[in-house]
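Each remark here refers to the structure printed beneath this line.
Just follow the structure's listing: the first ligand is 1, and inside any ligand the first atom is 1. Note that the structure is predicted; figures quoted are calculated from it, not measured.
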Amino acid sequence: MSVGQQTKETPRPAEEAAALRAMLDTWAHEYYVLDAPTVPDAEYDKVFQRLQALETEHPDLISPGSPTQRVVGAVLDGLVPVRHTVPMLSIHTETDTTPAGAQKFDASVRKLLGWAADEAPVEYTAELKFDGLAINLRYEQGALVQAATRGDGETGEDVTHTIRTVAAIPKRLRRCNAPVLEVRGEVFMRRDDFDALNERQREAGGKTFVNPRNAAAGVVRQLDANIARQRPLSFFAYGFGDVQGWEMPATHAQSLQALRAMGIPVNEDSTVAAGAEGLSAFHVGIAARRDSLPFDIDGVVYKVNDRALQQQLGFKSREPRWAVAHKYPAQEQITTMTGIDVQVGRTGKLTPVARLAPVFVGGVTVTNATLHNIFEIRKKQVRKGDSVIVRRAGDVIPEVVGKVAGNRPAYVANFHMPRQCPVCGSEVVRPKGEANHRCTGGLFCPAQRKEALLHFAARRAMDIEGLGDKLVEQLVDAGIIRTLPELYKLGVAKLSALDRMAEKSAANIVAALEKSKQTTLPRFLFGLGVRNVGETTAKDLARHFGLLDNIMDASVEQLLEVPDVGPIVAESVHTFFAQPHNREVVEQLRAAGVTWPEGPPATRTQLPLAGKTVVLTGTLPSLSRDEARDLLEAAGAKVAGSVSKKTDYVVAGAEAGSKLDKAQALGVTVLDEDGLRTLLTTAAG
Ligand code: IVH
């Protein structure tokens, strides 16, 4: 083998590292900026690991711009001050939150420019005002060399170590080698990332964050970059600091476009708007979408688009005259908490709810807000009479995020969760290791009734066709149905007296109810809605115990003997059947005629199709997919979703697709419905 060939097959380390970095940068750009990944994550990881290995072997190849330098192990002693080459200014805020606020700004710009009323409208860019913290990113020769907070505008803090963990911020610009390019923008946390972070903190008993902005600020100023890496931040650019050796485009909109082309995230909602009217329309349009944005904004920002006009307008007391922030109503307000009530949710969860002196927050008047659970109340130390901070962001329910220190009226008792459900009086429990209290009333508790009825009627449970949302709502609200067994007392007369219910549909529902009485034990058990008992667990329990009475009387220890049943499931099954009302419901359902074939407990291996795996595909002439599955499972077969070498049979109906092709390719036995029936009868015989 010649030397030349060798070089071709194993490139020199420096070249390989450069090639790998280019690949990783491209993929990161596609993923974070274009939102259109072209390779699976695993492929990215593989290349990333190769680059890491290469850099470990040749440490001289490591450069600050390398994607591997995102993770920094060192914990800093403190943040180091950074003097901004170009001060980071603030902007004037327009607090008139109505669309008219835009007119004031436009009028002042026109006046300063000396434009007559009949002259063309001023062109602006309108952007979102992201609610995070301002960051200056310094790129030299296209590589990110420093990131700093705003600080007092003159001097900020060096946060390069945490900013390097922000995946959306490129370590290297695309097609830009300018000696100096400082990009300014906002680092923030998306609402879903914020909720997930707080959820994790709550579970771990750690500190929760008041809002995404505080969380983001905390992450950016973290001394330990590895903690920062686990708390994802996002970034959008909106401006520039020091720029050397790069020609700034003529308009702000073009500048943003240029940044985007370099791989810097720029929000899609920024637009070019004409005059006051264009700005107001933007304000209104964004207001309507504010709740559904994935992140918090506290307003919009208008900027004169033309840079020459910006220069003409200049600054006043360190604020540009060519830009304004036009606010929306705040998403956090202070008000008095007049008391704490407890609400019971559809799943039986008890939620402490703060009663509040009415307060306008996030665009609506709020009179109550969630306190989540008892632990959150203790952590926030809120009591009746306190001044509290209420947050309402997005379309999520308002919450109390904290209290204003030091103004509690004397002698206010601590809050305790009730021992009895405030709705039905059943015992309240807090399952081990959980933060939430729950009502054990189950089907008996009116708060849980609608949900319980819908679950009972569901296709995978009792399969009562026609008993949907609207009907259940009417039946419960009109007080016609209080418990599950009362469903079976419904007659055509009672049903057709309801709103929008013709006699024909009423008759159909009565027929569906009648039909549902012939069921299976797993369906019935699943339909009861025992917490943590899904379809599979219901099947496991039915198979193990055979008879419903055995399940109802089983101790936690006996329940734990069921394969795949752990302590959480065992506990909730036991608690459910320990409640006299739940047992009564079961008895009444049986008395109403609900029945299923019961047999002595069977072990899986005794069943005729035990150990066989079957895949269903296409539409069978007379059996529905669920019916076929029930029959197969009752015979002990496992019904799987995809065909493999381990599949014993594929049951194919009309319009069977790729699963049938695969079965044929692998030589798996294919059956039609008749074949399935034969299999079931011969297996049973
Ligand atoms: S422009 C000289 N644009 O709001 C102009 N600021 O009070 C500098 N902000 O400190 C700011 N979104 O943290 C601008 N689209 C946007 C913004 C924005 C959020 C923040 C930024 C700034 C503050 C202005």
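Gln141 and Asn177 share no side-chain donor-acceptor pair at under 3.5 Å. Under 3.5 Å, the side chains of Asn211 and Glu332 contain a donor-acceptor pair of N or O atoms.
Using a 4.0 Å heavy-atom cutoff, Ser90 is listed among the residues neighbouring ligand 1. Residue contacts with ligand 1 leave out Gly239, since none of its heavy atoms falls under 4.0 Å from the ligand. Under a 4.0 angstrom heavy-atom cut-off, Leu133 registers as lying outside contact with ligand 1.
In this pair, Phe315 and Trp322 present their aromatic rings perpendicular. The plane angle is above 60°, beyond the 30 to 60° band. Aromatic ring orientation, Tyr328 versus His283: tilted (interplanar angle from 30° to 60°). The aromatic rings of Phe105 and Tyr124 sit tilted relative to each other, their planes meeting at an angle between 30° and 60°.
For atom 11 (C) of ligand 1, the closest heavy atom belonging to the protein is Tyr238 CE1, 4.0 Å. Distance from atom 13 (O) of ligand 1 to its nearest protein heavy atom, with residue and atom name: Glu186 OE1, 2.6 Å. Nearest protein neighbour of atom 3 (N) of ligand 1, counting heavy atoms only, is Lys303 NZ, 3.0 Å. Protein heavy atom at the shortest distance from atom 2 (C) of ligand 1 is Pro320 CG, 3.6 Å. The protein atom (non-hydrogen) at minimum distance from atom 7 (O) of ligand 1 is Ile91 CG1, 3.6 Å. For atom 4 (O) of ligand 1, the closest heavy atom belonging to the protein is Lys129 NZ, 3.1 Å. For atom 12 (N) of ligand 1, the nearest non-hydrogen atom of the protein is Phe130 N, 3.1 Å.
Considering backbone and side-chain atoms together, Val301 places no N or O closer than 3.5 Å to any N or O of ligand 1. Below 3.5 Å of separation, one finds an N or O of Glu127 facing an N or O of ligand 1. On a distance-only criterion, Leu89 and ligand 1 share no N/O pair closer than 3.5 Å. Polar contact with ligand 1: absent for Arg150 (N/O pair, distance under 3.5 Å).
A salt bridge links Arg392 to Asp291: at least one charged side-chain nitrogen sits closer than 4.0 Å to a carboxylate oxygen. With salt bridges taken as basic N to acidic carboxylate O contacts below 4.0 Å, none links Asp25 and Arg172. Between Glu16 and Arg50, at least one side-chain N (NZ, or NE/NH1/NH2) sits under 4.0 Å from a carboxylate O, which counts as a salt bridge.
The nearest pair of heavy atoms linking Trp246 to Val243 is O-CG1, 3.6 Å.
When heavy-atom distances to ligand 1 are checked against a 4.0 Å cut-off, Thr93 has no atom that comes that close, whether in backbone or side chain. Contact annotation for Met88 and ligand 1: no heavy atom of the residue comes within less than 4.0 Å of the ligand.
With respect to Asp296, the salt bridge (charged side-chain N to carboxylate O under 4.0 Å, His left out) criterion is satisfied by exactly one of Arg391, Arg190, Arg290: Arg391.
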Trace of the side-chain contact (heavy atoms from CB on, under 4.5 Å) decision for Val220 with Ile163: CA-CA 7 Å; Val220 167; Ile163 290 301; 4.3 Å; yes
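Which parts of ligand 1 touch Ala134 is read off a 4.0 Å heavy-atom cut-off, strictly below it: atoms 13 (O).
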